[in-house]
Amino acid sequence: MIFCPLLALALYVAPVTTSSLDSSAGLEDPAPCFKQYESKLNDLLKREEANAAFPAMPATAEHEYATAVPKFYQASFYKWESTRTRTVKVADREMTVPRPDRIGVGSLTFYHERIKDPVAHFTSTYRDLTPDEESKMREIMAREMEDKNLTGSQQKAGDALMTAVPREVKYENVEGIGDAASWDIKSSELIVLRGRVHFKIIADLSDDPSTNIAVARMLAMIVLSKCE
């Protein structure tokens, strides 16, 4: 079997929950309310609500509803042209492409009942590795690679991944939203937990993360208010 460094990483950082307490105990379960929006994300954040949170959104903003993907990746968002750009890699070439402004909601999902402490599970998942965890993860991956009869190209790919993967995922804890929230810096998305429900707020409007987070907070409050 070919060694998969990503699998080793996933196994190492997979959150383990030991608490027997449910963080939403004593609170009204919002899951039944949010369930009604599972296939109607466009109602979870309507155009006029998005515009209220970000008045600069133009009336010509296009609405897109990504449904031809698994539910975790589905999203309803508004986008319009901006002066910003981003760099993408196609094969061995890097290209500069337009980066439209976007705001929206997506990835509405529900923790299974076997997750006894959703907050602990959430905060363990949406965070960066500590330096010690990065070091231990590399040790695990290195041992796995030594045990496999890898080709030169596989060894090179594994070495590169051990260096690159921990730096690919960057999260910033955000206080005062839901039961827990984390900012995905790379994707410009605010991931929010309430009870056993979590969703993502898309706020990709500026190269300044603080501007995006401020708008994402307002959008999140609008979404949360639907199921108070």
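- Counting all heavy atoms, side chain and backbone alike, Ala181 lies closest to Asn173 at O-OD1, 3.2 Å.
- With rounding to the nearest 0.5 Å, the separation of NZ in Lys200 from OG in Ser182 is 10.0 Å.
- Annotation: disulfide bond (SG atoms under 2.5 Å apart) contacts involving residues 170-228, sequence neighbours excluded, comprise Cys33-Cys227.
- Across all non-hydrogen atoms, the minimal contact from Gly195 to Asp179 is N-OD2, 2.6 Å.
- Under the side-chain hydrogen bond (donor to acceptor under 3.5 Å, both in side chains) criterion, Lys226 pairs with Glu49, not counting sequence neighbours.
- Once rounded to the nearest 0.5 Å, the distance linking CZ of Arg194 with CG of Asp29 reads 8.0 Å.
- Annotation: Glu113, atom CD; neighbour count of heavy atoms from other residues, nucleotides and ligands within 6.0 Å does not exceed 12.
- Between Pro100 and Pro98 the shortest heavy-atom distance is CD-O, 3.6 Å.
- Under the disulfide bond (SG atoms under 2.5 Å apart) criterion, no residue pair touches residues 48-122, with sequence neighbours excluded.
- Remark: side-chain polar atoms of Arg86 are not paired, donor with acceptor, to backbone N or O of Val97 under 3.5 angstrom.
- Side-chain atoms of Trp183 and Ile201, non-hydrogen and from C-beta on, never get closer than 4.5 Å to each other.
- Phe54 and Ile177 fall within a single hydrophobic cluster, where Ile, Leu, Val, Met, Phe, Trp and Tyr side chains are chained together by heavy-atom contacts under 4.5 Å.
- Applying the side-chain hydrogen bond (donor to acceptor under 3.5 Å, both in side chains) criterion to Gln74, with sequence neighbours excluded, gives no partner residue.
- Residues Leu108 and Met221 are members of one and the same hydrophobic cluster, defined by side-chain heavy-atom contacts under 4.5 angstrom among Ile, Leu, Val, Met, Phe, Trp and Tyr.
- In the displayed structure, Tyr73 atom OH is contacted under 6.0 Å by at most 12 heavy atoms of other residues, nucleotides or ligands.
- Note: the hydrophobic cluster containing Ile191 does not contain Leu45 (ILVMFWY, side chain heavy atoms under 4.5 Å, direct or indirect links).
- Using a 4.5 Å heavy-atom cutoff, the side chains of Ile202 and Ile103 are not in contact.
- Evaluation of the salt bridge (charged side-chain N to carboxylate O under 4.0 Å, His left out) rule for Glu38 yields Lys35, Lys71 as partners, not counting sequence neighbours.
- Leu224 is listed as a side-chain neighbour of Phe199, based on a closest heavy-atom distance under 4.5 Å.
- Not counting sequence neighbours, Lys46 has no partner by the salt bridge (charged side-chain N to carboxylate O under 4.0 Å, His left out) test.
- By the neighbour-count criterion of 12 heavy atoms within 6.0 Å, atom CE of Met218 is densely surrounded, having more than that number from other residues, nucleotides or ligands.
- Shown here for Leu41 and Gly106, the closest heavy-atom pair between the two residues is CD1-CA, 4.2 Å.
- Note on Phe77 and Tyr37: separate hydrophobic clusters, where clusters join Ile, Leu, Val, Met, Phe, Trp and Tyr whose side-chain heavy atoms are under 4.5 Å apart, directly or indirectly.
- Ser76 places no side-chain N or O within donor-acceptor distance of the main-chain N or O of Lys40, the cut-off being under 3.5 Å.
- Leu193 and Val223 fall into different hydrophobic clusters, where Ile, Leu, Val, Met, Phe, Trp and Tyr residues are linked whenever their side-chain heavy atoms come under 4.5 Å apart, directly or through other members.
- Residues Val192 and Gly178 share a closest heavy-atom pair of CG1-CA, 4.4 Å.
- Residues passing the side-chain hydrogen bond (donor to acceptor under 3.5 Å, both in side chains) test with Glu228, sequence neighbours excluded: none.
- A donor-acceptor distance shorter than 3.5 angstrom exists from the side chain of Asn51 to the backbone of Met57, with no hydrogens or angles considered.
- Partners of Arg102 according to the side-chain hydrogen bond (donor to acceptor under 3.5 Å, both in side chains) rule, which considers only residues two or more places apart in sequence or in another chain, do not exist here.
- Formation of a donor-acceptor pair under 3.5 Å by the Ser124 side chain with backbone atoms of His121 is not found in this model.
- Scored by the ring pair (Phe, Tyr, Trp, His ring centres under 6.0 Å) test, Tyr126 finds Phe122, Tyr171 as partners (sequence neighbours excluded).
- Not one N or O on the side chain of Thr96 forms a donor-acceptor pair closer than 3.5 Å with the backbone of Thr87.
- No side-chain donor-acceptor contact under 3.5 Å links Arg99 to the backbone of Asp204.
- Asp101 meets the salt bridge (charged side-chain N to carboxylate O under 4.0 Å, His left out) test with Arg84; sequence neighbours excluded.
- Ser225 approaches Ile222 most closely through the heavy-atom pair OG-O, 2.6 Å.
- Listed by first and then second residue, the disulfide bond (SG atoms under 2.5 Å apart) pairs that reach into residues 59-114 come to none, sequence neighbours excluded.
- Residue pairs meeting the side-chain hydrogen bond (donor to acceptor under 3.5 Å, both in side chains) criterion with at least one partner in residues 206-217, sequence neighbours excluded, are Ser188-Asn212, Asp208-Ser210, Asp208-Thr211.
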